[in-house]
Amino acid sequence: MSLKRHISCLSLIACAALSGCAAQMPRPIQTDAALGRVVVYRNGVAYFERRALIDGDHFTLEVPAERLDDFLKSLSVVDARSGKAVPISFPTMDHASGTTTVVIELPRKDRYDLRISYVTESPAWKPTYRLKLDDKGHAALESWAVVDNVSGEDWKRVAVGVGSTSALSFKYDLQSVRYVERETLSDETELGVAPPSGGSPYAVASKEVKVLGNFGAAAIDALKDDERRAQPVAELEMDEAAPAAPSTGGGLSAHFVKTAQKRAPSVKMPAPTAALSSGLVELANRLRSNKEHVRILGYAQAADKDSKGGSLARANAIRDELLKNGVDAAQVEAIGTGRVSNDGVRVVAAEHASADKPAQAATPHESSSDAPLGSAYFLAPSPLTIEKGHSAMVSMLSADALAQQVYFYDPISNRGSKRFAYRAVLLTNPTQHTLDAGPVTVYEGGQFLGEGLSEPIPGNSRAFVPFALDRKLLVDSDLGTREQVDRLLTIERGVVQSEARSIRTTKLSFTNRDSKVATVYVRHPISEGFKLEAPKTKVEKLGGAYLFAVEVPAGESAQLSIEESTPIQKSIDIRTDAGVAEIALYLRAASGVDPELSQKLDKIVQTHREMAELGERIETIQAQSAVYRERVDEINVQLVSLRKVVQASELSRHLAQKMQEISNKLQHATIDLTDLQGQLLTERVALEDQLSDLSLDKRKVALADHAAR
C-alpha cells in the first residue's frame, strides 16, 4: 500500500464568509518573537511556538487578560542552545483587565536564542473526508482539516499542524492573588459542632423510578419455605383507583393489602406471607391487565453467605408467584443484584430499571459523540501563510485504503432503521493515526453515491460509514422468549425446583431485491444480565453491541437467529401438561443425567403421553356418541310421523333398521368409553404412584456438579 501523507494549504476562505468575523476577533498576544509553529487541537486549544534572538537581560510579551490564565498555565521558555529553562516574572495583579505585560527576566549575557511555547484557547479544527471507490475493494482516501485563524495575528510562513488527543484541557485562575481563609481560635470561646450535611445515595436524571412493589426479605424467605407455595393465590380484580407505587416495607401498600383482604375474606394465609400474597395478587392483576414489562430486582441480606445467589433466589421466588397467578413469563425478568438492602425485592418498570444504579458523571469521552479516540498528529512539511480572520483547508492525508461496499443493519441507533439496511463502506484506516469523526463524501466511477458521518477510526482498524438507504434489502424481525431447564435441584410431591435459562430469540429475515450478492452486517444490542448463546455465524463487538455478518444471495432471502439467555430458578409441576413437556425437553437436551432418575422421568413422560392419548380417544367417542343420540332422536320423530301414512310402510321399515344400526353403534361406543375411562383411571393411579416414588438423590447431584466443574 502506497501512503502519500502531506499537509498543504488548499485554499483560504475570506473573512466575509464568517459572520461578524472582524467584530469578534480576539486580541492577539503581541511580541517581537517570530511565530514558527501552530498546532490546532480538537479540545479547544492551540499550541504556539515562537523563536526570539535577544540582546539584553529581559524580554516582554503583551498578553490579553482573557488569555492570561491559559498562557501562564502552559508557558515554557527554554534556552535553545543549552535546552535549560529560564526564569520568568510578571507584575502581580488581581482581576486583570486589558493587557498584561509579562516580563521574562534573563541573566546578563551577550545574546540569547529563546524558544517560547504556550497553549491558548482556539477553535477546534474540523475534519472532512473524500472516499473514491473502485470495483476491486480499494479506495482513494483523502482527509482534510478546516483550520480557522482567529488568533488576531497573521500566520506568515508558519508550520501549521493539526492534532487530536485524549488529553484534557481546562481553564484555571493563575493571575489572581489568592488568600487562604484561616480560622480564628480563642481559649475562651466555646464552639458548637454542627452535623455534617446529608446527601442522596444516588440520583436519577430527568425521571423518577417507577416502583411497582417492595417486598421484605423475611416475608419472601417465609414464602419460599411454605409448603403451600405451589397453590395459586385467589384471583382478585384490579382496583383501577389504586395508587401506582406502594410504600416501602415488608409488602405492598396498606391500601393494596386492605383491598385484597376485603375482596377475598375467605383466603387464609400464614403470617408473615399474608400481606405479601395479597400484594402479589394485586400486582399480578395489574400486569395481566396492562401487559407491562417489569424487572424484579432481588437484594441480599447481611446473613446471606452467597449475596448474589441469595438475591437471585428472592427475585425468582416473587417471579414464580407472579407466573402462578397468570402473568406472562415474557413480561417478567428476575435479576439478582448482589447488594445488601432492607428490601428483599423491588419490582420496577423495565424502562426505568436502570434507575436502580447510582448516577455517574459523564466522562469527557461519553459526553461528546466526536470525542477523540486515540491520538493523531499531522504537521505541514513546508510553511503556510494564513491571514488573521481567514480559514484554510489543510490536506492531512492522501492514501490507498481497503474499502468494501456492504449493507449495515442498525435498528438500535436513533437514526437507524428497523425495516431497511443502509448501504455502507467498510473502511480500514491505512495509517497508525486516529481519523477523527467527520463527514465522508463517497464517490465511485466519477459518480456521487452519498454522504456519511464517521465515528473516530483508530489506526489500522475497520469502521462502517453508512451513506445511502436504497431500500433494496428488506428486513423482517420476529422476537420470542422461552425457558429451558438446565439442571434439577429438588423434586417433592411432583414439583421440581430447577436451574433454568430464560432465552430471548431474535429472528431476522433478509430479502435481497438486488441483482448482486449482498453482505449484511447486523448490529445487535448487548443486554445487561444476558449472555449470547453460541452463535452459528462469526460475531464481533462494535460500540456496545454485537456484530453479525450475513450473506444474502441475489434475489433470494437469508435468515439469522440470535439467542441470549439469563439464569433463573424455575418451579415445574410434573402433573400438568406444560410441566411434562418441559421435563421431556430437558431429557432430550440435557447430558449427564442420573440414569435411574432419567428412567423414572421418562416413564412418567410416557405415562402422561398415554393418558393424553386416552383422553383424546375418550373425547372422540363422547363426540360420536352425542351424534348417534341426536340421530336416533331424529329417526324416532320421523317414525312417529310416518305411522299416519299408509303408503310409507317401506320407508318406516328402512328407518327402523337404520335406527337399530345406530343404536348398536351407540351401545358399542358406550362400552368402549367405559373401558377407556377405566384405563385412564388406572394410568392416573399409576402416575400418582410414580410421582410418590420420585425423588432426587442430593449426593448424586453434588457428584454431577463436581464432575461438570
Side-chain angles (χ1 to χ4, degrees), residues 223-235 266-270 320-321 323-326 329 483-500 569-590 593-629 665-701 704:
L223 179 67
K224 292 193 297 181
D225 296 335
D226 188 357
E227 291 184 356
R228 286 173 288 181
R229 62 186 179 275
Q231 300 176 359
V233 184
E235 297 284 342
S266 61
V267 178
K268 302 296 182 182
M269 305 175 194
D320 289 343
E321 291 300 317
L323 298 187
K324 289 178 185 177
N325 284 274
E483 293 179 353
Q484 179 173 318
V485 177
D486 292 329
R487 188 167 71 98
L488 306 184
L489 300 177
T490 61
I491 302 177
E492 184 177 359
R493 299 179 183 178
V495 177
V496 178
Q497 299 296 333
S498 66
E499 283 186 357
Q569 288 187 355
K570 183 178 179 62
S571 297
I572 304 174
D573 191 343
I574 309 181
R575 295 164 295 187
T576 65
D577 293 342
V580 170
E582 289 191 83
I583 291 298
L585 180 62
Y586 166 74
L587 291 176
R588 288 198 301 268
V593 184
D594 177 50
E596 182 180 354
L597 175 62
S598 177
Q599 184 179 6
K600 290 181 179 180
L601 289 174
D602 191 63
K603 189 174 182 180
I604 290 174
V605 171
Q606 181 63 30
T607 301
H608 195 277
R609 185 180 296 113
E610 293 172 356
M611 290 174 60
E613 293 174 355
L614 288 173
E616 291 177 357
R617 293 174 60 187
I618 289 173
E619 290 180 359
T620 302
I621 292 176
Q622 288 175 337
Q624 291 176 345
S625 298
V627 173
Y628 292 155
R629 290 190 183 94
K665 290 181 180 180
L666 178 60
Q667 183 178 5
H668 288 305
T670 303
I671 295 173
D672 291 342
L673 179 62
T674 303
D675 183 51
L676 290 175
Q677 288 175 336
Q679 295 181 38
L680 181 61
L681 179 61
T682 301
E683 293 289 347
R684 184 174 290 112
V685 173
L687 178 63
E688 292 295 334
D689 182 61
Q690 292 169 3
L691 291 175
S692 63
D693 190 40
L694 185 64
S695 63
L696 196 62
D697 191 333
K698 296 184 178 180
R699 183 181 61 83
K700 292 182 178 180
V701 172

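The shown structure was predicted, so the numbers you read here are calculated from the model rather than taken from an experiment.
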Inset, instruction - Report yes if some heavy atom in the side chain of Gln497 is under 4.5 Å from a heavy atom in the side chain of Gln569; otherwise report no. - result: no
Legend entry - Atom pair CG/CD of Asn325 and Glu321 - distance to nearest 0.5 Å: 7.0 Å
Legend entry - Audit row: Leu687, Arg575, side-chain contact (heavy atoms from CB on, under 4.5 Å) steps and yes/no: CA-CA 9 Å; Leu687 178 63; Arg575 295 164 295 187; 5.6 Å; no
Inset, instruction - Output the distance between atom NZ (Lys570) and atom CG (Leu489), rounded to the nearest 0.5 Å. - result: 13.0 Å
Inset, instruction - Measure the shortest side-chain to side-chain distance between Leu488 and Tyr586 over non-hydrogen atoms and say whether it is less than 4.5 angstrom. - result: yes
Legend entry - All pairs passing side chain to side chain donor-acceptor pair (under 3.5 Å) where residues 611-629 contributes a residue, at least two apart: none
For residues 598-606, which side-chain N or O atoms pair as donor and acceptor with protein atoms under 3.5 Å away, sequence neighbours left out?
residue: Gln606; atom: OE1; partner: Arg609; partner atom: NH1; Å: 2.8
residue: Gln606; atom: NE2; partner: Glu610; partner atom: OE2; Å: 3.4

Legend entry - Value rounded to 0.5 Å, distance of CG in Leu666 from CD1 in Ile671: 10.0 Å
Legend entry - Heavy-atom pair with the smallest gap, counting every atom of Val485 and Ala500: CA-CB, 3.9 Å
Inset, instruction - Output the distance between atom CD (Gln667) and atom CG (Asp672), rounded to the nearest 0.5 Å. - result: 11.0 Å
Legend entry - Distance in Å, Leu681 CG paired with Leu614 CG, rounded so as to fall on 0.5 Å steps: 11.0 Å
Legend entry - Residue pair Gln679, Asp675: steps toward the side-chain hydrogen bond (donor to acceptor under 3.5 Å, both in side chains) verdict: CA-CA 6 Å; Gln679 295 181 38; Asp675 183 51; 2.9 Å; yes
Legend entry - Test item: Ile574 and Val580 side chains (from C-beta on) under 4.5 Å apart, heavy atoms: yes
